[in-house]
There are 2 protein chains.
Amino acid sequence: MRTFETVLAQIEQRIAADGLTVGDRLPGERQLAEQLQVSRSSVREALRVLETLGVVSSQVGRGPDAGAVLTSRPDGTLADLLRLNLGLTTMSAREVLDTRLMIERWSAARVTSAPAEMTEALAAMDAAASPEEFVTHDIAFHVALTDAAGNRLLSAVMRALRDALVSNAVEAVRRLGHTDDLQADHRRIHAAIESGDGAEAVEAVTAHLARAYENVFH
Amino acid sequence: MRTFETVLAQIEQRIAADGLTVGDRLPGERQLAEQLQVSRSSVREALRVLETLGVVSSQVGRGPDAGAVLTSRPDGTLADLLRLNLGLTTMSAREVLDTRLMIERWSAARVTSAPAEMTEALAAMDAAASPEEFVTHDIAFHVALTDAAGNRLLSAVMRALRDALVSNAVEAVRRLGHTDDLQADHRRIHAAIESGDGAEAVEAVTAHLARAYENVFH
DNA sequence: AGACCAAATATGGTCAGACCATACACCTAC
DNA sequence: GTAGGTGTATGGTCTGACCATATTTGGTCT
């Protein structure tokens, strides 16, 4: 096993053992190297891997207290990874939409009260001045719905899709020219969830995404 | 921008420009460093990132022709990433099963003929001598079903879950003591797909996984 | 006493050069 | 022609150095 891999394992183990959470800092590179009895190069390669994985993030300067800070970022990295592994090209719009429909139907059936993020996103969409702004809050609305369902795995996938969803949706909204129908859908979804009517919520989500399919594929 | 990040970009660009594909090799670390006018350390950090992303893989020795070889490996890396980002602990069995049920129902509804991998896995399960062996082919059966549905994103997620699924299932099979019921389920799923009966296939998958829920949560 | 600015310091980022174990290529001996 | 030894380039690791940056410190002026 290569040295930096053992360093990786020891850092992971240390994070778990010390109960470090987001915002906490690891020792500096030099200090880590001395503690683990390896060279700084090996520590750096391990940190680079952790950074790629979205676990830590390094900043220069940063006074004499510490180094890499624990981050939580299941978004960008996952998206990068999916993009790279799925043939280096963009995922097809149909793959993204199918996956999204599946996750959102599942979520809608399980969420029994709308989280604050959903309500806020709804208001933000009303106030939006541009398609970009509208769509940003649109997707936030749907991500919030998924988060509320409490499956972290599905939340991670949904967040990974965010960028792809936004670019698809912006184009569709531009073509559509207005957002009235979409907002009506959103209010219907929101109301169904608030009233705890799972079946109606699933139906509302399905209808909403059926509209999305139409807009994207026509 | 840090040096290794520009190296990263240049390597990616080079891969695209030269049309390199799986199996092709990059220049050696020293040669790359000289070509890009950076130190070998920076090249190594970039390669480490690419390795983490599952794009390349390095081997020592390997004669005087070249270094990192282009790989395609959507599995392990994604699983690592999900594990690390989902709180550094193992995902809950319920999250895994829920996700799996969702993906497999979706797939069963769309696949209209069983791929060779499914048929082979079925035979391999009959011949299996241990729970581990049985479960390995069991999961292969389900992964093959998902692959056949043609959504690369869902395939990637399913593969990422493979390890977790295997360990869950091995335990369950041990407790059960036999695999007759499971194989009957598999044959029902296989037959439904071969006959192109989507609704029956979904039903068969649902029944099969309901059994899995029982075994895991009781 | 308080506000402000400059030097000291520690950090991550990068570099250069060295050594090791390994795996392939080549060449020799049979 | 084959078997075995040797050479060589590779990735992996280490050491030690320098740089730019950001925080800390300590002094200076008000």
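Within every chain, numbering begins at 1; the chains are lettered A, B, ... in the order of the sequence lines, protein sequences first and strands thereafter. Atom set for the values below is all heavy atoms of this structure, side chains included, hydrogens, waters and symmetry mates excluded.
- B/S42 has a side-chain polar atom (N or O) that falls below the 4.0 Å cut-off from OP1 or OP2 of C/dC15.
- The CZ-C1' distance, from A/R44 to D/dG12, rounds to 16 Å in whole Å.
- Distance A/R25 CZ to C/dT11 P: 12 Å, rounded to the nearest Å.
- One atom, CG of B/L47, and another, P of D/dT13, lie 13 Å apart when rounded to the nearest Å.
- If you take CD of B/E45 and C1' of C/dC15, they are 11 Å apart, rounded to a whole angstrom.
- At whole-Å resolution of the value, CG in B/L32 and P in D/dA9 are 18 Å apart.
- Using modelled atom types, one finds a donor on one side chain and an acceptor on the other under 3.5 Å when comparing A/Q35 with A/R14.
- For B/H137 and B/H186, the gap between ring centers reaches or exceeds 6.0 Å.
- Atom CD of B/Q37 is separated from atom P of C/dC15 by 10 Å (rounded to the nearest Å).
- Looking at A/E51 and A/R48, a side-chain N of the basic residue comes within less than 4.0 Å of a carboxylate O on the acidic one, giving a salt bridge.
- Summarising the geometry, the separation between CD on B/Q31 and C1' on D/dG11 is reported as 14 Å, rounded to the nearest angstrom.
- A salt bridge is defined here as a Lys NZ or Arg NE, NH1 or NH2 lying under 4.0 Å from an Asp or Glu carboxylate O, and B/R2 with B/E5 meets this definition.
- If you take CD of B/Q59 and P of D/dG11, they are 10 Å apart, rounded to a whole angstrom.
- Taking CG of B/L36 as the reference point, atom OG1 of B/T6 lies at 7.5 Å (rounded to 0.5 Å).
- Salt-bridge formation is detected for the pair A/E132/A/R174: a Lys NZ or Arg NE/NH1/NH2 atom is positioned less than 4.0 Å from an Asp or Glu carboxylate oxygen.
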Under-3.5 Å N/O pairs linking protein and nucleotides 16-21 of chain C:
| from | atom 1 | to | atom 2 | distance (Å) |
| --- | --- | --- | --- | --- |
| C/dA18 | N6 | B/R40 | NH1 | 3.4 |

